[in-house]
*Asks:* 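Once you've had a glance at the structure underneath, I'll fire off some questions.
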Amino acid sequence: MVQDQLKEWCRLNGHPVPAKKKTPKKRKRNKRKTSNSLSTRDVKELMGVNRAVYSRSRGGAYRQR
């Protein structure tokens with residue numbers, strides 16, 4: 001809106017219309033895709049497949065199976 005008024009004023013008063021300043025464009029960097037695929041070993045570790053199994057036995061004590 002202000003720029004339109006400035007152009008109109010410049011046209012009416014005989015002044016040259018100010019040129020737009022060119023701003024340098026920033027380059028976009030390509031982001032590297034992180035591999036989210038886990039190996040089967042990592043998946044099993046997250047699920048707790050290889051953990052020790054404890055159960056209650058006589059007297060209410062926990063013992064390893």
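Numbers here simply count residues along the sequence, with the first being 1.
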*Asks:* Quick test of your reading: applying ring pair (Phe, Tyr, Trp, His ring centres under 6.0 Å), list the pairs with at least one residue in residues 25-64, sequence neighbours left out, ordered by first then second residue.
*Replies:*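 Found none.
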*Asks:* Once you round to the nearest 0.5 Å, how far does NZ of Lys44 lie from OG of Ser39?
*Replies:* 10.0 Å
*Asks:* Heavy-atom distance under 4.5 Å between the side chains of Glu8 and Asp4, does that happen here?
*Replies:*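 No, side chains not in contact.
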*Asks:* For Gln3, does the CD atom have more than 12 heavy-atom neighbours from other residues, nucleotides or ligands under 6.0 Å away?
*Replies:* no
*Asks:* Who are the side chain to side chain donor-acceptor pair (under 3.5 Å) partners of Asn50, not counting sequence neighbours?
*Replies:* none
*Asks:* Taking all atoms of both residues into account, what is the closest heavy-atom pair of Pro16 and Cys10, and its distance?
*Replies:* O-SG, 3.8 Å
*Asks:* In terms of hydrophobic clustering (I, L, V, M, F, W, Y; side-chain heavy atoms under 4.5 Å; direct or indirect links), are Met47 and Val53 co-clustered?
*Replies:* no
*Asks:* Using the rule that Ile, Leu, Val, Met, Phe, Trp and Tyr join whenever any side-chain heavy atoms are under 4.5 Å apart, tell me whether Leu12 and Trp9 fall into a single cluster.
*Replies:* no
*Asks:* Would you say that Arg11 contacts Lys7 through its side chain, given a criterion of any heavy-atom pair below 4.5 Å between the two side chains?
*Replies:*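 Side-chain contact under 4.5 Å: no.
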